[in-house]
Protein chains: 2
Amino acid sequence: MTSEQRRLQPRKQPRQVRAELTRQRILTAAAHVFAEYGYAAGTTNRIAERARISIGSLYQYYPNKDAILAELLTRHLDGDRTTETLRRYKESPEPLETVIRAFVRTVIENHLDDPRLLQIMIEQAPRSGELLERITRLEWEMIGDLRELLHGHPEVRVRDKDTAARLVASTVELTVHQLIASPGSIDVTRLENELVAMITGYLRA
Amino acid sequence: MTSEQRRLQPRKQPRQVRAELTRQRILTAAAHVFAEYGYAAGTTNRIAERARISIGSLYQYYPNKDAILAELLTRHLDGDRTTETLRRYKESPEPLETVIRAFVRTVIENHLDDPRLLQIMIEQAPRSGELLERITRLEWEMIGDLRELLHGHPEVRVRDKDTAARLVASTVELTVHQLIASPGSIDVTRLENELVAMITGYLRA
DNA sequence: GTCTATATGTCGATAGAC
DNA sequence: GTCTATCGACATATAGAC
């Protein structure tokens, strides 16, 4: 009897775990493929090939290509600790340089994993509503936190604090991006030191 | 007679002029389309439609899509005055702030035309040999000029002048890009002032 | 649940009428 | 010289066998 044969077989592996592993494999493969080919040329066939599953299977786990990039981006955004760092130092008695260093270091850490992929995600991600909105919201959250910090910290003497907040946010995010991802990659410690010096000096002036 | 009918018609317009105008129309249309849709989704059909010519005609003027972007990029690069500005101020007795302001202003001016298109060209331009090489060369030329300036100017006291040159180059290029192109566009004068303050202070520290 | 084979759509580019 | 109509290549996504 079929039913009895089934009973004789060992229990199946728990499905959720295997499925989750496959999803993870797809994401890892996609990250490599996107980083190497860019989003447009990073085809689903290549992703499936790299994950060593068939294209048909891939579509059992993700409904379309955008969804794969969206999940990669979501996971990155979830790992962002910038807001947390900024808020921890708000109204703190720490010297300005300490605060700025913590901020810069957090941004750097957020980008050490796979700088090239990050660039792809930010530059070529499908400019679709929801996700783009979330990125913008995070960006402005960071600017808002910075602005409060600038207003609250006694060492800060820069006049136009609103413009300063935007400039600092952009400067750190963009230079970290570019200089970490660039071929003749800069030494990360130096980058941190110089960025901290530049920004701290500017805010105190 | 057909031949006689032809003779009765007025002389044709000079061809080169008309052709050059059409090329220009295509470029303008392409600039708008690329800026709005990005490079991949900025299809040749859309470009032709916007230029109000047929797709077939478009291919009489440019051999392929890349060539259109290439010409847009070439025209932009030809208009770049950064190197010129930096060299004019090398070993000059002008105060550091004056020199930096001229530099920042030149970069800003280079990007006022169509910031969104610029972003597309730099981020999504086909990473093909020749053009990419030219961009990289210009970038390192700028860094080299900056480094010499830093070494030669008496007010500059920053220690790690090589890293500083890279950081300054990246900071100015990237923040100008982003902050001019961004939706809640920043006031250009403020951007200039704050950038100048930040960089000058950093270099003198 | 995974595979192969293929449908479906869209792009860049071309052919050929006018 | 400009157009319409269409080709060939390639991508995403699906159907159906196993």
Side-chain angles (χ1 to χ4, degrees), chain A residues 2 5-6 9-27 29-30 32-34 36-72 120 124-128, chain B residues 2-3 5-6 9-27 29-30 33-34 36-72 120 124-128:
Chain A
T2 309
Q5 280 177 347
R6 283 230 178 98
Q9 303 230 344
R11 272 278 174 75
K12 285 245 170 112
Q13 300 284 341
R15 285 156 202 213
Q16 303 297 351
V17 173
R18 235 185 95 86
E20 188 46 46
L21 280 176
T22 306
R23 287 177 67 90
Q24 187 54 52
R25 279 244 308 286
I26 294 173
L27 285 183
H32 280 99
V33 170
F34 287 148
E36 184 170 354
Y37 297 93
Y39 185 65
T43 67
T44 48
N45 279 307
R46 268 200 253 263
I47 295 172
E49 188 186 10
R50 171 134 201 162
R52 300 211 283 181
I53 59 174
S54 77
I55 180 65
S57 296
L58 184 146
Y59 276 94
Q60 280 221 330
Y61 291 91
Y62 291 95
N64 54 51
K65 185 177 164 177
D66 282 4
I68 301 177
L69 187 69
E71 181 143 342
L72 279 174
I120 301 284
Q124 303 184 25
R127 316 296 209 201
S128 60
Chain B
T2 308
S3 138
Q5 282 178 344
R6 284 231 177 95
Q9 304 231 344
R11 272 277 176 75
K12 286 241 172 118
Q13 301 283 339
R15 285 156 204 216
Q16 301 296 353
V17 173
R18 237 184 92 86
E20 188 46 46
L21 280 176
T22 306
R23 287 178 67 88
Q24 187 56 52
R25 278 245 308 285
I26 294 173
L27 285 182
V33 170
F34 287 149
E36 184 170 352
Y37 297 93
Y39 184 66
T43 68
T44 49
N45 278 306
R46 269 199 251 262
I47 295 172
E49 188 186 10
R50 170 132 202 163
R52 301 210 283 180
I53 61 173
S54 77
I55 181 66
S57 296
L58 183 147
Y59 277 94
Q60 281 221 330
Y61 292 91
Y62 291 95
N64 54 51
K65 185 176 164 177
D66 282 4
I68 301 178
L69 187 69
E71 180 143 343
L72 280 174
I120 300 285
Q124 304 183 25
R127 315 297 209 200
S128 60

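So that the names make sense, note that chain A is the first sequence line, chain B the second, and so on, each numbered from 1.
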Side-chain N,O (B/Tyr59) to OP1/OP2 (C/dA13) below 4.0 Å: yes
Between NZ of A/Lys65 and C1' of D/dC10 the distance, given in whole Å, is 12 Å
If I take atom CG in residue B/Leu69 and atom P in nucleotide C/dG12, what distance separates them, rounded to the nearest angstrom? 13 Å
Pair A/Thr44, A/Tyr62 - check side chain to side chain contact (heavy atoms under 4.5 Å, CB included), show working. CA-CA 11 Å; A/Thr44 48; A/Tyr62 291 95; over 6 Å; no
Nearest whole Å is fine: how far is C/dG12 P from B/Ile68 CD1? 9 Å
Residue whose nearest DNA chain D nucleotide is more 5′ - A/Ala40 or B/Gln60: B/Gln60
Can you list, by residue number, the residues of residues 47-56 of chain A that have a non-hydrogen atom closer than 4.0 angstrom to DNA chain C? A/Ile53, A/Ser54, A/Ile55, A/Gly56
Which whole-number value in Å describes the distance from B/Ile26 CD1 to C/dA13 P? 13 Å
Which heavy-atom pair separates A/Ala29 from A/Ile47 by the least distance, and what is that distance? CB-O, 3.7 Å
Under 4.0 Å, heavy atoms only, any strand: does B/Tyr61 hit a base, just the sugar-phosphate, or nothing? sugar-phosphate
Taking 4.0 angstrom as the limit, do B/Arg46 and B/Glu36 come out as a salt bridge? no
Without decimals, in angstroms, what is the distance between B/Arg23 CZ and D/dT2 P? 13 Å
For B/Tyr39 and C/dT10, give me the distance from atom OH to atom C1', rounded to whole Å. 16 Å
Is there a side-chain polar atom (N or O) of A/Ser57 under 4.0 Å from OP1 or OP2 of C/dC3? yes
To the nearest Å, give me how far apart CG (B/Leu58) and C1' (C/dT14) are. 13 Å
If you define the side chain from C-beta out and look only at heavy atoms, does anything of B/Asn45 sit under 4.5 Å from B/Leu58? no
Report yes if some heavy atom in the side chain of B/Arg25 is under 4.5 Å from a heavy atom in the side chain of B/Tyr61; otherwise report no. no
Hey, does A/Tyr37 have a side-chain heavy atom less than 4.5 Å from the side chain of A/Ile120? no
Could you check whether B/Lys65 makes a cation-pi contact with B/Tyr39, meaning its NZ or CZ is under 6.0 Å from the centre of the six-membered ring and within 45° of the ring axis? yes
Contact under 4.0 Å: A/Thr43 side-chain N or O vs D/dA11 OP1/OP2: no
Touch class at under 4.0 angstrom, heavy-atom based, for A/Asn64 against every strand present: sugar-phosphate
Would you mind reading off the distance between B/Asn45 atom CG and C/dG9 atom P, rounded to a whole angstrom? 17 Å
